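These numbers come from the heavy atoms of this one structure, side chains and all, not from hydrogens, waters or symmetry mates. Here the structure is a predicted model, which is why all the values come from computation and not from measurement.
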Amino acid sequence: RRVLVAGTPILKLGDLATIEIESDVLSEEVGRIEVGSHVELVGKALGGEEAAGTVKRIYPAAFTKVSSLGIQQQRVKVIVAFDNNVPRLRVGTRLDVRIITAERTNTLAVPERSTFRREGEWYVFTVNNGQAHLTPVKIGLKNDEWAELVEGLETDTRIVLEPKNEMVDGVRVQSKTRKE
């Protein structure tokens, strides 16, 4: 037995069907997010599955948070609601949240790591007759993995996937066959 002070909560009830995700987004990235944006949720708590959600609310003010690297960052809270089939999650569960801010279909894209900037312009190294050629390109949408190419390359153009900083126009290159 235990004596409790009046007003002390003894039980919290919640409706798991209405559970939402609270995500802290960097303030410089939140400007591209809109209420209604599609969200992909992944994490161990989902058992290797992916769940879909929608941005339900974007808080109007930012707050300061210290990152794991000790850097002060301005962040904004974004609330995400599950679209359907709400998984069984507990309060405090961690998930990776990918908010889709734009999408394109039927577009030419290259690995993001193959693109680089020089003097304010975007480039890739194309490969022709065993030589790398510095080729200007115009980038459209971009994420951590892919960059959309709006201008500068044709489909099936061979490129250097991971150019080194010391590469120069005309340098000899050799193709490697990937093991899959």
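Residues Val150 and Ile139 fail the side-chain proximity criterion, which asks for heavy atoms closer than 4.5 Å. His38 places none of its side-chain heavy atoms less than 4.5 Å from the side chain of Ile99. Leu41 is listed as a side-chain neighbour of Phe82, based on a closest heavy-atom distance under 4.5 Å. Residues Ile159 and Val127 are not in side-chain contact: their nearest non-hydrogen atoms beyond the backbone lie 4.5 Å or more apart. In this structure, the side chains of Val160 and Val124 stay at 4.5 Å or more apart for every pair of heavy atoms. Using a 4.5 Å cut-off on side-chain heavy atoms (C-beta onward), Leu153 and Leu108 make contact. Contact of the Ile58 side chain with the Lys77 side chain is not registered, since no non-hydrogen atoms from C-beta on lie closer than 4.5 Å. Inter-residue side-chain proximity for Lys142 and Thr115 is flagged as met; some heavy-atom pair is nearer than 4.5 Å.
Neither Trp146 nor Leu161 shares a network with the other; the hydrophobic side chains, linked directly or stepwise wherever heavy atoms of I, L, V, M, F, W or Y lie under 4.5 Å apart, form separate groups for each. Linking Ile, Leu, Val, Met, Phe, Trp and Tyr residues whenever their side-chain heavy atoms come within less than 4.5 Å leaves Val137 and Tyr123 in two separate clusters. Under the 4.5 Å side-chain heavy-atom criterion for ILVMFWY residues, no single connected hydrophobic cluster contains both Leu141 and Ile100. Linking ILVMFWY residues whenever their side-chain heavy atoms come closer than 4.5 Å, directly or via other members, leaves Val66 and Ile71 in distinct clusters. Note on Trp122 and Phe125: separate hydrophobic clusters, where clusters join Ile, Leu, Val, Met, Phe, Trp and Tyr whose side-chain heavy atoms are under 4.5 Å apart, directly or indirectly.
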Run the side-chain contact (heavy atoms from CB on, under 4.5 Å) check on Arg158 and Ser175 step by step: do they pass? CA-CA 10 Å; Arg158 296 182 72 177; Ser175 294; 2.5 Å; yes
side-chain contact (heavy atoms from CB on, under 4.5 Å) between Val110 and Glu148, worked out: CA-CA 7 Å; Val110 296; Glu148 174 192 22; over 6 Å; no
Before giving the answer on side-chain contact (heavy atoms from CB on, under 4.5 Å), spell out for Thr54 and Val80 the whole-Å C-alpha distance, their side-chain angles and the decisive distance to 0.1 Å. CA-CA 5 Å; Thr54 304; Val80 175; over 6 Å; no
Just do the side-chain contact (heavy atoms from CB on, under 4.5 Å) check on Leu4 and Ile10 with the steps written out, would you? CA-CA 9 Å; Leu4 298 175; Ile10 56 172; 3.1 Å; yes
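To the nearest 0.5 angstrom, Leu46 atom CG is 8.5 Å from Thr93 atom OG1. Between Lys56 atom NZ and Ser37 atom OG the span is 15.5 Å, to the nearest 0.5 Å. Atom NE2 of His133 is separated from atom CG of Asp169 by 6.5 Å, given to the nearest 0.5 angstrom. We find the CZ-CG distance between Arg98 and Asp96 to be 7.5 Å, quoted to the nearest 0.5 Å.
Annotation: Arg117, atom CZ; neighbour count of heavy atoms from other residues, nucleotides and ligands within 6.0 Å is above 12.
Nearest heavy atoms, Arg57 versus Val35: CA-CG2, 4.4 Å. In plain terms, the two heavy atoms of Val173 and Gln131 that are nearest each other are CG2-C, 4.0 Å. Pro163 approaches Arg113 most closely through the heavy-atom pair CD-O, 3.6 Å. Looking at every heavy atom in both residues, Lys65 comes nearest to Asp24 through NZ-OD2, 3.3 Å. Thr135 and Gly152 get closest at one heavy-atom pair: CG2-O, 3.8 Å. Gly43 approaches Leu95 most closely through the heavy-atom pair CA-CD2, 4.1 Å.
Cation-pi check for Arg118 over Phe116 is not met; the charged atom does not lie both under 6.0 angstrom from the ring centroid and within 45 degrees of its normal.
A donor-acceptor contact closer than 3.5 angstrom is absent between the side chains of Arg75 and Thr64. Side-chain contact annotation: Thr157 with Thr126, donor-acceptor N/O pair under 3.5 Å absent.
Residues Lys44 and Glu49 are not paired through a salt bridge, judged by the lack of any N-O separation under 4.0 Å between the basic side chain and the carboxylate.
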